[in-house]
Amino acid sequence: MNSKIENFTKRLSAAQIIVFYYLVAVVVSTILLLLPITQTQNAELSFIDGVFISISAVTVTGLSTADVSQLLSVPGTFILPSSSSLVELGSWLSEP
C-alpha cells in the first residue's frame, strides 16, 4: 500500500499534490457535513451550501452562505474546525 502511494506522489509535482490534497479534504468534509447526524432536526443543508461551507473551512476563510449555528448539530460544529486542522496538519507533515 505504501509503495502505491509513493509511486503516485512521485509522478506529481508539488503543486499537484497540494491541489489533490485540498480536493480530497473538500470532498471528505462535504460528505461529512451532508450526513444527517451533522444537521439539526428541522434544518436542511443543500449540496451547494455544504460544498461552499466545506471549501470555506478547508481554506480557512470563514465564509458561509447560511447560519451555521442553526444548521449544524454538535457533531457538525466539530467537523468545521477539524477540516481546517486537517489542512494545517498536512502542511506540517509535508515540511522536511
Side-chain angles (χ1 to χ4, degrees):
M1 171 95 173
N2 233 359
S3 63
K4 290 182 182 181
I5 294 172
E6 288 176 6
N7 289 337
F8 178 70
T9 56
K10 284 181 183 178
R11 293 185 307 204
L12 299 176
S13 68
Q16 290 173 327
I17 292 172
I18 292 170
V19 169
F20 179 73
Y21 184 75
Y22 270 84
L23 286 175
V24 169
V26 166
V27 168
V28 168
S29 62
T30 300
I31 290 170
L32 290 175
L33 282 179
L34 293 176
L35 291 174
I37 194 171
T38 61
Q39 300 173 20
T40 57
Q41 289 180 358
N42 297 330
E44 189 173 318
L45 184 65
S46 67
F47 177 74
I48 193 70
D49 287 337
V51 171
F52 187 86
I53 292 171
S54 295
I55 291 172
S56 176
V58 168
T59 59
V60 196
T61 58
L63 300 174
S64 177
T65 56
D67 188 7
V68 176
S69 65
Q70 299 295 322
L71 283 175
L72 298 179
S73 63
V74 173
T77 57
F78 280 109
I79 290 173
L80 287 178
S82 300
S83 299
S84 60
S85 297
L86 285 175
V87 173
E88 294 169 7
L89 178 66
S91 63
W92 179 72
L93 290 176
S94 64
E95 291 180 5

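If you're wondering where the values come from, they're calculated on a predicted model, not measured in any experiment.
For the atom pair CD of Gln16 and CG of Leu23, the computed distance is 11.5 Å after rounding to the nearest 0.5 Å. Here the straight-line distance linking atom OG1 of Thr77 with atom CG of Leu72 works out to 7.0 Å at 0.5 Å rounding. Residue Ser54 holds its OG atom at 7.5 Å from CG of Leu80, rounded to the nearest 0.5 Å. For the atom pair CG (Leu34) and CD (Gln39), the distance works out to 6.5 Å, reported to the nearest 0.5 Å. With values rounded to the nearest 0.5 angstrom, Leu32 atom CG is found 4.5 Å from Ile79 atom CD1. With rounding to the nearest 0.5 angstrom, the CD1 atom of Ile55 is 12.0 Å from the OH atom of Tyr22.
Note on Val26 and Phe47: same hydrophobic cluster, where clusters join Ile, Leu, Val, Met, Phe, Trp and Tyr whose side-chain heavy atoms are under 4.5 Å apart, directly or indirectly. The hydrophobic clustering, which links ILVMFWY residues whose side-chain heavy atoms are closer than 4.5 Å, places Val68 and Val74 apart. Residues Leu35 and Leu33 share a hydrophobic cluster, clusters being chains of Ile/Leu/Val/Met/Phe/Trp/Tyr side chains in contact below 4.5 Å. Ile31 and Val58 end up in different hydrophobic clusters when Ile, Leu, Val, Met, Phe, Trp and Tyr side chains are linked at under 4.5 Å.
The number of heavy-atom neighbours closer than 6.0 Å to CG of Leu63, taken from other residues, nucleotides and ligands shown, is above 12.
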* Is there a side chain to side chain donor-acceptor pair (under 3.5 Å) between Ser73 and Thr40 once you walk through the steps? -> CA-CA 5 Å; Ser73 63; Thr40 57; over 6 Å; no
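Counting only heavy atoms from C-beta outward, the side chains of Leu45 and Ile53 approach each other to under 4.5 Å.
A donor-acceptor pair under 3.5 Å is absent between the side-chain atoms of Ser56 and the main chain of Phe52, judged by distance alone. A donor-acceptor pair is defined here as one N or O able to donate and one able to accept, closer than 3.5 Å; no such pair exists between the side chain of Thr38 and the backbone of Gly76.
Partners of Asp67 under the side chain to side chain donor-acceptor pair (under 3.5 Å) rule, at least two apart in sequence or in another chain, are Ser69.
Closest heavy-atom contact between Thr30 and Gly50: OG1-O, 4.0 Å.
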